[in-house]
S.K.: 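Have a look at this one before I ask anything.
Letters A, B, ... are given to chains in the order of the sequence lines, protein chains preceding strands, and every chain is numbered from 1.
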2 protein chains.
Amino acid sequence: MTAARTKPKPRARFRREAPEDRRRQLGEAALRCIVKHGNAGVSVRQIAAEAGVTQGLITHHFGEINELVAYAFDIMSDGLMESIMKAVHDAPPTPQARLDAFIDASFSPLLFDRDVLGVWVVFWGLILHSPRMSASQQREYSTYVVTVESLISSLAEAENFKVGDIRLTAMAFTALMDGLWLAWCLNPSAFRPEDGVQLCRNWIEGLRRGAYA
Amino acid sequence: MTAARTKPKPRARFRREAPEDRRRQLGEAALRCIVKHGNAGVSVRQIAAEAGVTQGLITHHFGEINELVAYAFDIMSDGLMESIMKAVHDAPPTPQARLDAFIDASFSPLLFDRDVLGVWVVFWGLILHSPRMSASQQREYSTYVVTVESLISSLAEAENFKVGDIRLTAMAFTALMDGLWLAWCLNPSAFRPEDGVQLCRNWIEGLRRGAYA
DNA sequence: AGAGATATTATAAAGTCGTATAATATCTCT
DNA sequence: AGAGATATTATACGACTTTATAATATCTCT
């Protein structure tokens, strides 16, 4: 035999990175894959390719792929929450201005985005079938609602109107915003983001007029 | 050769059915698979097994699997819409009673159901990536909003209050209900269905008080 | 500079996926 | 009752999936 029958493929060069860095890279690659292909993007091979590494690395860092996806969810929800909170923080310190900033940020192109919903829809699907994902979602939802509660009750105090059950009311407002987000992303020609902002303001106006007392 | 090397498997007996019947059977089998396994349930083999037929039948009746899924979406949305409209139709013919019936039906166990949301989440994921699915969704959403518009404007007329943009307002109410549905299904301990009904009534109360004029 | 730790690659195994093909059983119609 | 139409089965193929394994390159530390 003149030529080697087995050609030992030359091993690719690679950088060795800290586990936490690599985990984050993989998580972000996962998000990009989900944006591009939806549920079909949740695949060890695709994510590894997107991150520019081999598949074994995912097994090594996360064990099973579900763990990676749950981690990606945490990255994503932390990021969104952070950008909203930044907007609130940067607003003038009046209850009205802070609530407006919250609404505006929610309907800004950063959040009010088909790609973002695409990722969330995939997560919702997993949450319904995985306790691990469900736990992450409950944490996320809870902190979100608490924030809304606080914004609303500050406004109520400042303007001296009554709200019956603050927690339920905050969940209603959250639901309204999520519902508008969903409807617009599924069908962007239905209304404009500004219309969504206005509808939220109308809801607040109902609150002022005592509809939730 | 004494024994036959190839054992020709005896062909299974089967009933030959009208195409429209078979299509519906396959569509309903698809829905059951999606309920059971979420996105993972969308599979030619699984659906065929669920329907008790072989895979080729799906190709034969639908060409590609996406077509079957779109058909399943139509079955499902028609069914839900029909059950809501029945409730409205059975209510006393006053605007208030009809709107209440609409709300109550939306929060009844038939609709306010994790399994139902599970199916919709899968559909949403497909809608975002498939023009075919998107077309079906737009039809569905449009008829839904028109219904809400009609219920709201009847009430406004009867009680003599003003609504600025009926269409946008109807979309807000739709969004609120969808958002509550989503939140509750993802986390059923967050609130009770009755709370959801109350929050919708509060929204209507805001409408009455002119918050959307 | 050399050794130990481990992050990373390469590769294989077993299974599922969607679609295409040809054979055939079932039904309808005359 | 027999023939034609077609709904249905069985099977094959190639691409993709997840997970497991052993070999190895890279880095850190002394």
S.K.: Using the side-chain hydrogen bond (donor to acceptor under 3.5 Å, both in side chains) rule, take B:R132 and B:S136 through it: C-alpha gap first, then chi angles, then the decisive distance, then the call.
M.R.: CA-CA 7 Å; B:R132 166 70 179 84; B:S136 275; 3.1 Å; yes

S.K.: Under 3.5 Å, sequence neighbours excluded: what are the donor-acceptor pairs made by side chains of residues 192-199 of chain B?
M.R.:
unit_1: B:R192; atom_1: NE; unit_2: B:D195; atom_2: OD2; d: 3.2
unit_1: B:R192; atom_1: NH2; unit_2: B:D195; atom_2: OD1; d: 2.9
unit_1: B:D195; atom_1: OD2; unit_2: B:R192; atom_2: N; d: 3.0
unit_1: B:Q198; atom_1: NE2; unit_2: B:N202; atom_2: OD1; d: 3.0

S.K.: What closest approach, in Å, do A:R98 and A:P92 show between heavy atoms, and which atom pair accounts for it?
M.R.: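 Smallest interatomic distance, heavy atoms only, reads CG-O, 3.6 Å.
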
S.K.: Which ones in residues 23-44 of chain A lie close to DNA chain C, meaning a heavy atom under 4.0 Å from one of its atoms?
M.R.: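 Contacting residues: none.
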
S.K.: Taking side chain as C-beta onward, heavy atoms only, is B:I84 less than 4.5 Å from B:L80?
M.R.: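 Not in contact.
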
S.K.: Determine, stepwise, if the pair B:V163 / B:S153 fulfils side chain to side chain contact (heavy atoms under 4.5 Å, CB included).
M.R.: CA-CA 8 Å; B:V163 177; B:S153 62; over 6 Å; no

S.K.: Check DNA chain D against residues 46-64 of chain A and give the residues with a non-hydrogen atom under 4.0 Å, in numerical order.
M.R.: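 Listed by number, they are A:Q46, A:Q55.
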
S.K.: Salt bridge or not between A:E28 and A:R24? Use side-chain N to carboxylate O under 4.0 Å.
M.R.: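 Judged by the 4.0 Å cut-off on N to carboxylate O distance, A:E28 and A:R24 do form a salt bridge.
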
S.K.: Could you walk me through whether B:D113 and B:L117 satisfy the side chain to side chain contact (heavy atoms under 4.5 Å, CB included) test, starting with their C-alpha distance in whole Å, then the side-chain angles of each, then the deciding distance to 0.1 Å, before giving a yes or no?
M.R.: CA-CA 6 Å; B:D113 180 336; B:L117 180 75; over 6 Å; no

S.K.: Decide, yes or no, whether a salt bridge links A:D115 with A:K36 under the criterion of side-chain N to carboxylate O below 4.0 Å.
M.R.: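 Salt bridge between A:D115 and A:K36, a charged N being under 4.0 Å from a carboxylate O: no.
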
S.K.: B:N66 or A:A18: which one's nearest nucleotide on DNA chain C is closer to the 5' end?
M.R.: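 Result: A:A18.
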
S.K.: Between A:F173 and A:V145, is there a side-chain heavy-atom distance shorter than 4.5 Å?
M.R.: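 Side chain of A:V145 against side chain of A:F173, heavy atoms only: no contact under 4.5 Å found.
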
S.K.: Charged N to carboxylate O below 4.0 Å: is that the case for A:R201 and A:D104?
M.R.: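 Yes, this pair counts.
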
S.K.: Using ring-ring contact (aromatic ring centres under 6.0 Å, His included) as the criterion, point out the one residue from B:W181, B:F112, B:F102 that pairs with B:F107.
M.R.: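 Going through the options one by one, the only one that passes is B:F112.
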
S.K.: Strictly under 3.5 Å: I want the nitrogen or oxygen pairs between protein and nucleotides 23-27 of chain C, one per line.
M.R.:
unit_1: C:dA23; atom_1: N3; unit_2: B:R11; atom_2: NH2; d: 3.4
unit_1: C:dT24; atom_1: O4'; unit_2: B:R11; atom_2: NH1; d: 3.2
unit_1: C:dT26; atom_1: O2; unit_2: B:R16; atom_2: NH1; d: 2.4

S.K.: Whole angstroms only, please: what is the CZ-P distance between A:R22 and C:dT6?
M.R.: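 My rounded result for the distance is 17 Å.
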
S.K.: Once side-chain contact (heavy atoms from CB on, under 4.5 Å) is applied, do any residues pair with B:A105, and if so which ones, sequence neighbours excluded?
M.R.: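 In terms of side-chain contact (heavy atoms from CB on, under 4.5 Å), with neighbours along the sequence ignored, B:A105 is linked to B:A87.
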
S.K.: In this structure, which one of B:Y141, B:W120, B:W124 forms a ring-ring contact (aromatic ring centres under 6.0 Å, His included) with B:F73?
M.R.: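 Filter result, single survivor: B:W120.
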
S.K.: Rounded to whole angstroms, how far apart are CG on B:L68 and C1' on C:dT19?
M.R.: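 Rounding to the nearest Å, CG of B:L68 and C1' of C:dT19 are 14 Å apart.
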
S.K.: Check DNA chain C for consecutive Watson-Crick or G-U pairs with both distances under 3.5 Å and list the runs of at least three as stems.
M.R.: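 So far as stems of 3 or more pairs are concerned, DNA chain C shows C:1-30 with D:1-30.
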
